[in-house]
Every structure is written in structure tokens, then in C-alpha cells.
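The model shown is predicted, which means the values in this text are computed figures rather than measured ones.
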Amino acid sequence: MSAVEAAWRVLLTTHGEASPLEGSPLREPFAELLRVAHAEPLLRQLHPWAGMWELHFSRCTESPYTWDLPYIGTLNDGRYYVEGPSRNSPRIAGTDSARAAVAMVVERLPPHCGQAFIGSEGELASHERHLRGGDANASR
């Protein structure tokens, strides 16, 4: 099992099914979001991580993760919001539907987005520079 598959499995098992967070009003909307996002092939190849009832997607498998993709949050009323790629970015939109929120993220994926890179954000950046022929450290 790949690191990406393992991360999805942990999130789906922890938050996508019955969990100790049963009493939270955000539990079921977040569980629905996880199931819908996992069903989307373009998002399923990215490394998921969650915090504060938000689902983030990273182009790498190790921390620190990338912050260059939109993310989806869950609101107390069961609605969703899409923001990003950073916390300083304005809110993209709000919606009643997990499917609509996932679609908004997919629409905004950069063209270079594909299978998550095995490694950290810094290692990914170095790899991408090398692929473009601009890695200054490669000649040292």
C-alpha cells in the first residue's frame, strides 16, 4: 500500500466511519466530504491530511506538506467552504454539497498536479527544479 493510500485509509477509518467524535455536529458532513473526495480520482492520487474539520491535499507525502492546492472546510450548519491555497487566500465559495466543494477544488488543480511525490515539500521543490533544468545545487 502506498503512503497516499495509507493516508486516505486512516482518514476514512478515523473520520469516515463511526468514531469517538460521534457527538460533533461536524462529524457526518466531514465524513461525507471524505467519501466524496476519495471517490474523485484526481484527488485520490494526492496526499490527504485533515485538521480543524478541514480536508487538505498535498502534492507530497511527508511533512511539511505543500500548501499550493485549495482545501475544503466543514461548517457547523453542515455546509462546506473552499479556500486556499493558503490561509491568507480569500474564500473561494461556500456550498451545501460535498460534491460541489470537491468539484471546485478539482477545477482549480494546477496542470502539474498528479500523483503525490514521495518526500517533503522541499524535496519536491528540488525535484521540480531539477526536472526544469534549473537546480543550481546539481552542478555543485
- Query: With a 4.5 Å limit on heavy-atom distance, are the side chains of H15 and R27 in contact?
  - Reply: no

Atom pair [atom1] ([X]) and [atom2] ([Y]), whose distance is rounded to the nearest 0.5 Å:
{"X": "F30", "Y": "L11", "atom1": "CZ", "atom2": "CG", "value": "6.5 Å"}
{"X": "E121", "Y": "T61", "atom1": "CD", "atom2": "OG1", "value": "12.5 Å"}
{"X": "E62", "Y": "H47", "atom1": "CD", "atom2": "NE2", "value": "8.5 Å"}
{"X": "L33", "Y": "T74", "atom1": "CG", "atom2": "OG1", "value": "5.5 Å"}

- Message: Just to verify, what does H56 make a ring-ring contact (aromatic ring centres under 6.0 Å, His included) with, not counting sequence neighbours?
- Response: W49, W67, Y71

- Task: Show your working on side chain to side chain contact (heavy atoms under 4.5 Å, CB included) between H38 and L12 and close with a plain yes or no.
- Result: CA-CA 9 Å; H38 182 257; L12 288 164; 3.7 Å; yes

- Task: May I ask you to check whether H127 and F117 place their ring centers less than 6.0 Å from one another?
- Result: yes

Could you check whether any side-chain N or O of [X] sits under 3.5 Å from a backbone N or O of [Y], counting only pairs where one atom can act as donor and the other as acceptor?
{"X": "E5", "Y": "S2", "answer": "yes"}
{"X": "S126", "Y": "G122", "answer": "no"}
{"X": "Y80", "Y": "P29", "answer": "yes"}
{"X": "W53", "Y": "N76", "answer": "no"}
{"X": "S120", "Y": "S63", "answer": "no"}

- Of all residues at least two apart in sequence or in a different chain, which pass the side chain to side chain contact (heavy atoms under 4.5 Å, CB included) check with P70? V82, I92, V105, R108

- Task: For E40, check side chain to side chain contact (heavy atoms under 4.5 Å, CB included) against everything at least two apart and list the hits.
- Result: L42, L43, V102, V106

- Task: Give every residue pair that meets the side-chain hydrogen bond (donor to acceptor under 3.5 Å, both in side chains) criterion with at least one member in residues 93-103, sequence neighbours excluded.
- Result: R79-D96

Path from [X] to [Y] over hydrophobic side-chain contacts below 4.5 Å:
{"X": "L69", "Y": "V4", "answer": "yes"}
{"X": "L124", "Y": "L46", "answer": "no"}
{"X": "Y81", "Y": "L55", "answer": "no"}
{"X": "I118", "Y": "F57", "answer": "no"}

- Is there a salt bridge (charged side-chain N to carboxylate O under 4.0 Å, His left out) between R59 and E128 once you walk through the steps? CA-CA 12 Å; R59 295 187 309 111; E128 289 176 336; 2.6 Å; yes

- Applying side chain to side chain donor-acceptor pair (under 3.5 Å) to E28 and not counting sequence neighbours gives R35

- Item | Nearest heavy atoms of S58 and A116, plus distance in Å | O-CB, 4.1 Å

- Do S86 and N88 have side-chain N/O donor and acceptor atoms under 3.5 Å apart? no

- Partner residues of E83 under the salt bridge (Lys or Arg N to Asp or Glu O under 4.0 Å) criterion, sequence neighbours left out: R91

